[in-house]
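Report on the following structure.
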Amino acid sequence: MRRSIFLTILAAIIALTSVACKSTPKPEEEKPKVNASIQTLSPGELNTLMANVEEARKRAQDFEAPSYFPSDWEREEVEYNTVKNAPKLNESEVQHATASLSSLLDSYNDLFKKSVPLYAQAREDEIMAARDDLVNSGFASAFPQYVQSADKIALEALEKYEAEDYYAARDTAAAALGEYETLLVGTKVFVTRREIIERGFTPYDNDNFIKADEIADTAIEKYDEGDKKAAVDHAEEALLRYNIVLTNAWTAYSAEKRDTAFLEREKAITDKVNIAVRDAFRNADEAYNLAEANYKAENFSDAALKYIEAEALFAVAGQETEGKRQKAEETIRKAEEKIEESVEAAIEAERIIEGGSR
């Protein structure tokens with residue numbers, strides 16, 4: 001990174017003079033010691049140096065140096081406030097201010113130099129996180145042209161950064177992030193609508209679904225026209241309506257699943273599943289009770305999923321019970337056959353005995 005142009009301070013030697021009395025020599029008056037390598041600047045030159053320090057300080061602030069290097073920043077700020085408020089009337093004070101300001105100029109520029117790559121990495125992380133959401137949601141595949149447009153702006157920001165045009169890079173990166181974040185609103189609309197369709201929820205609130213589709217189409221039109229604010233406003237309204245559809249659907253759907261789970265539970269009790277396979281019935285009942293708790297708390301989506309789980313577990317327990325019952329009946333049948341065989345054998349034996357005794 002190119003450093004800012006520092007104010008060049010030329011070396012000068014300040015001559016000291018002594019005052020002597022013609023008659024009796026007096027002790028030499030003590031003068032304040034000054035740095036012989038520091039030039040005494042004119043008020044205008046000192047103001048220019050101060051302006052350069054202010055500029056370097058602002059540049060470091062703009063790229064978040066206080067956040068990345070808080071202890072270093074605090075130390076320089078103490079020095080900055082000290083020299084800013086210090087008197088600069090005599091030669092010694094001006095030279096002291098010159099030395100302090102020159103040191104501050106170096107320090108602020110150094111903080112800026114160290115902060116720029118950290119700032120750039122943070123912006124890159126934000127951009128990539130937003131872009132990953134667009135890709136992972138499937139939005140990038142459905143609307144590649146919009147993501148590609150945002151990508152182009154992001155690449156422009158990178159080019160400006162590599163050219164060390166840092167302010168332009170910062171502003172362009174912010175524009176790219178703004179594009180991605182605008183598209184993320186569209187992603188929420190896209191994902192919510194997809195869930196409604198995949199779950200088969202459109203019949204539960206078809207009017208709101210149709211209206212949401214119309215508003216979503218308008219959002220796309222506004223985006224294509226370049227009216228990003230109107231696009232976001234319409235997208236958010238469409239999202240609101242899609243969420244209403246989801247809420248209404250989950251409410252009705254959970255009530256349906258509650259009824260079927262209840263009937264399956266009643267059937268299990270009637271078939272004495274709770275006695276035949278107690279552990280299996282207990283697991284199903286735990287899921288059912290958790291579904292009931294969610295339903296009463298109006299957590300309808302969680303309730304519906306738990307009702308589905310409970311219904312399946314009751315059914316499996318019932319099948320297990322039926323299997324046990326069939327196995328028991330088969331065992332009884334075989335036992336009865338053996339008993340019949342034994343009785344027939346006993347009768348035959350008695351017949352033979354009786355026949356032999358005649």
Side-chain angles (χ1 to χ4, degrees), residues 1-11 32-131 153-181:
M1 185 182 68
R2 300 188 181 93
R3 297 178 61 87
S4 299
I5 300 175
F6 294 161
L7 181 66
T8 305
I9 303 175
L10 301 176
K33 294 181 180 180
V34 296
N35 189 334
S37 65
I38 301 297
Q39 179 186 7
T40 302
L41 300 182
S42 68
E45 290 172 328
L46 192 62
N47 288 339
T48 298
L49 179 57
M50 186 67 189
N52 288 341
V53 170
E54 296 278 5
E55 181 182 353
R57 178 174 178 270
K58 182 179 184 302
R59 187 164 50 242
Q61 279 182 314
D62 288 344
F63 288 86
E64 300 183 6
S67 298
Y68 298 128
F69 305 100
S71 58
D72 292 345
W73 182 264
E74 184 177 355
R75 182 180 62 251
E76 302 308 327
E77 285 293 277
V78 170
E79 180 64 20
Y80 168 77
N81 289 316
T82 299
V83 69
K84 184 178 181 179
N85 298 319
K88 306 171 186 65
L89 300 178
N90 58 43
E91 184 176 319
S92 176
E93 291 171 349
V94 170
Q95 288 186 344
H96 179 76
T98 300
S100 295
L101 290 172
S102 297
S103 175
L104 280 171
L105 188 60
D106 281 338
S107 296
Y108 282 132
N109 275 295
D110 185 56
L111 286 172
F112 168 71
K113 181 179 179 180
K114 293 190 297 184
S115 298
V116 163
L118 299 177
Y119 182 92
Q121 186 62 55
R123 301 295 78 75
E124 180 182 344
D125 291 345
E126 291 173 347
I127 287 173
M128 291 308 299
R131 192 181 189 283
I153 301 173
L155 289 174
E156 289 175 2
L158 178 60
E159 291 174 0
K160 287 179 170 55
Y161 174 76
E162 290 176 344
E164 298 184 0
D165 191 356
Y166 297 120
Y167 274 102
R170 181 194 66 172
D171 295 342
T172 308
L177 183 58
E179 286 294 313
Y180 288 122
E181 289 177 340

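This chain uses plain numbering: 1 for the first residue, then up along the sequence.
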### Message
For E54, is there an ion pair with K58 - N to carboxylate O distance below 4.0 angstrom?
### Response
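So K58 does not pair with E54 through a salt bridge.
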*Is D72 salt-bridged to R75, going by a charged N under 4.0 Å from an acidic O?*
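A salt bridge is present here (some side-chain N lies under 4.0 Å from a carboxylate O).
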Quick one: [atom1] on [X] to [atom2] on [Y], what's the gap to the nearest 0.5 Å?
X    : Y    : atom1 : atom2 : value
E156 : T172 : CD    : OG1   : 6.5 Å
I153 : L177 : CD1   : CG    : 11.0 Å
E91  : Q95  : CD    : CD    : 5.0 Å
N109 : E55  : CG    : CD    : 8.5 Å

Does [X] reach the side chain of [Y], with side-chain heavy atoms less than 4.5 Å apart?
X    : Y    : result
K114 : L111 : yes
E79  : L104 : yes
T98  : S102 : yes
Y161 : P117 : yes
E93  : H96  : no
F112 : D62  : no
L46  : L101 : yes

E74 atom CD, neighbour heavy-atom count above 12 within 6.0 Å:
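Not more than 12 within 6.0 Å, no.
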Identify the two heavy atoms, one from [X] and one from [Y], that lie closest to each other, and give their separation to 0.1 Å.
X    : Y    : result
V83  : S100 : CG2-CB, 3.8 Å
I127 : A176 : CD1-CB, 4.2 Å
A173 : A157 : N-CB, 3.5 Å
S115 : E64  : OG-C, 4.5 Å
L118 : F69  : CD1-CZ, 3.8 Å
R57  : W73  : O-CH2, 3.6 Å

So, N81 and E77: side-chain donor and acceptor under 3.5 Å apart, yes or no?
->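 On atom types as modelled, these side chains do not qualify, holding no pair under 3.5 Å.
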Can a cation-pi geometry be assigned to R170 and Y166, taking NZ or CZ under 6.0 Å from the six-membered ring centre and within 45° of the ring axis?
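Judged by the rule, R170 and Y166 form no cation-pi pair.
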Test log, rule side chain to side chain contact (heavy atoms under 4.5 Å, CB included), inputs E159 and D165 = CA-CA 9 Å; E159 291 174 0; D165 191 356; over 6 Å; no
For this session: Decide ring pair (Phe, Tyr, Trp, His ring centres under 6.0 Å) for Y167 and F63; before the verdict, give the C-alpha distance in whole Å, the side-chain angles of both, and the deciding distance to 0.1 Å.
Result: CA-CA 9 Å; Y167 274 102; F63 288 86; 5.3 Å; yes
